[in-house]
2 protein chains.
Amino acid sequence: MEQLLQSIKIAINEKIFLKDPESSALGKRIVEHSILLIDEIGFESFTFKKLGDRIESNESSIYRYFENKHKLLVYLTSWYWGWLEYQLVFTTNSISNKTEKLAKAIEIVSRTVEEDNAYSHVNEVLLNKIVINESSKSFLTKEVDQENKSGYFVIYKRMVNRLEQMIKEVSPDYRYSSSLASTILESSLHQHFLMDHFPTLTNCNKKHTPGKFLADLVFKTLNKTYNG
Amino acid sequence: MEQLLQSIKIAINEKIFLKDPESSALGKRIVEHSILLIDEIGFESFTFKKLGDRIESNESSIYRYFENKHKLLVYLTSWYWGWLEYQLVFTTNSISNKTEKLAKAIEIVSRTVEEDNAYSHVNEVLLNKIVINESSKSFLTKEVDQENKSGYFVIYKRMVNRLEQMIKEVSPDYRYSSSLASTILESSLHQHFLMDHFPTLTNCNKKHTPGKFLADLVFKTLNKTYNG
DNA sequence: TAAAGATAAAAGTAATACTATTATATTTGT
DNA sequence: ACAAATATAATAGTATTACTTTTATCTTTA
């Protein structure tokens, strides 16, 4: 699988960037070090000036790739969802049992991310942390409707739709398939956040993972017994 | 109830403000108009200078009440959860049937807020919109652990705990009571957000409210039939 | 009615979030 | 191999933000 992924490029809506960061060494350094720096100091404190210093390049050169730091965050989260979507599709594709397929999907989208060496300039473990801590800020803005129209969030929406379809395959009569699908993704991120910062607000831990909580929730809701 | 509430003050952790905004006319104007202005232009664009212009007061006077706009947001969301907690406790207190009590609680925390004239300087309808659109930003920061230690989020945590207790009353053996409780609150806000901006990612609408989705989810998960 | 406390006005500072210009590399097409 | 095209770096500049400080004035209240 790693060999296979090596040649796959995550396709991101071109409106999100001014110049494709995958198209040059500088672009890749921008992506690589923005992940490290945002993880380190948080999105609020992150600036293109600091990133420029870090990669020994100039602030203005970064502006040639991304209009502002908000678009960079949209890019990074899109990349993450695209990467996760690939794993989801690849892993569940061959599973014919519908219940088992949905169970696997829940596991994939909610598990703690482990190193993936397929993309040398992206640290997926840190990117997952960024998605947990910062990604809400990419859509909780006054510009969300306009950016949604421009297709900034297509990959995320496709992820929700894939989960929704799997839910429908398991329980065609369930009324809230898309709400449940969006709740799986959102709650997964939230439970991971609570594990790190508000442990009294969650029962999840290394043993009882967010994935197990969500599998239990989903299959009871869909009236299917499943012993994952 | 309105008469009763009139005399109740929502108690907010004193570390969140420099001077209690409830203690003066200017303080109340700050709260009142910050809600209107944040709703209007969003938290990112909101500044104390703009608020000062709006209330015909000075930027530096606002700084006497709140250290920065982040603390003001923490204050507003705390106020909201305190207000909602009061409604929750008041409304569910007299219900002896445990299932019915939990059902009512879910309804209270997930319903669309309607006007409440008890607090003249707070527009609860707009504050609810702010909580949906901006409140995540109050804890998705690098300072969250330190602020949590200082008690900035106690009211929210108490809300989750109240829901958790109600869940335990209904199903003592359910393993994920606090995860489910935190999911109810988080998912409720998220489903309202999706209704407004990503209608394809939710089945919720005026008829099939987030409250109905969540009640269905919770009672199936807890193996209780309830026809709300 | 004097003193204390609150608010307003003005000015200043460092940093942010950019834009514009020009110079210097680097790549590529012939 | 070399000119042209393109990318990057360096520098400077602007408007705004997020404050702090100082001083003046206004309002309570003891």
First and last nt of DNA chain D near chain B, cut-off under 4.0 Å to heavy atoms, 5' to 3', are D/dT17 to D/dT21
The complete set of side chain to side chain donor-acceptor pair (under 3.5 Å) pairs with one or both residues in residues 23-38 of chain A, sequence neighbours excluded, reads A/Ser24-A/Tyr65
Please state how far atom [atom1] in [X] lies from atom [atom2] in [N], giving the value in whole angstrom units.
X: A/His70; N: C/dT16; atom1: NE2; atom2: C1'; result: 17 Å
X: A/Asp53; N: C/dA15; atom1: CG; atom2: P; result: 12 Å
X: B/Lys49; N: C/dG12; atom1: NZ; atom2: P; result: 15 Å
X: A/Glu59; N: C/dA17; atom1: CD; atom2: C1'; result: 7 Å

Would you please name every residue forming a salt bridge (charged side-chain N to carboxylate O under 4.0 Å, His left out) with [X], sequence neighbours left out?
X: B/Glu143; answer: none
X: B/Arg158; answer: B/Glu85
X: A/Glu44; answer: A/Lys137
X: B/Glu107; answer: B/Lys104

- Aromatic ring centroids of B/Phe139 and A/Phe193 under 6.0 Å? yes
With sequence neighbours left out, the residues meeting ring pair (Phe, Tyr, Trp, His ring centres under 6.0 Å) with B/Phe46 are none
Set of residues satisfying side chain to side chain donor-acceptor pair (under 3.5 Å) with respect to [X], sequence neighbours excluded:
X: B/Tyr75; answer: none
X: A/Lys157; answer: A/Asn148
X: B/Asn13; answer: none

Which is true for B/Tyr63 with a 4.0 Å heavy-atom rule: it touches a base, it touches only sugar-phosphate, or it touches nothing?
base
Go through the steps for B/Glu40 and B/Lys50 under the test salt bridge (charged side-chain N to carboxylate O under 4.0 Å, His left out), then give the verdict.
-> CA-CA 12 Å; B/Glu40 207 176 308; B/Lys50 288 175 187 169; over 6 Å; no
What residues 32-40 of chain B contributes to the DNA chain D interface at heavy-atom separation below 4.0 Å is none
Atom pairs under 3.5 Å: protein N/O with N/O of nucleotides 3-10 of chain C:
{"from": "C/dT7", "atom 1": "OP1", "to": "B/Tyr65", "atom 2": "OH", "distance (Å)": "3.2"}
{"from": "C/dT7", "atom 1": "OP2", "to": "B/Lys19", "atom 2": "NZ", "distance (Å)": "3.3"}
{"from": "C/dT7", "atom 1": "OP2", "to": "B/Tyr65", "atom 2": "OH", "distance (Å)": "2.9"}
{"from": "C/dA8", "atom 1": "OP2", "to": "B/Ser57", "atom 2": "OG", "distance (Å)": "2.3"}
{"from": "C/dA8", "atom 1": "OP2", "to": "B/Ser61", "atom 2": "OG", "distance (Å)": "3.3"}
{"from": "C/dA9", "atom 1": "N6", "to": "B/Ser60", "atom 2": "OG", "distance (Å)": "3.4"}

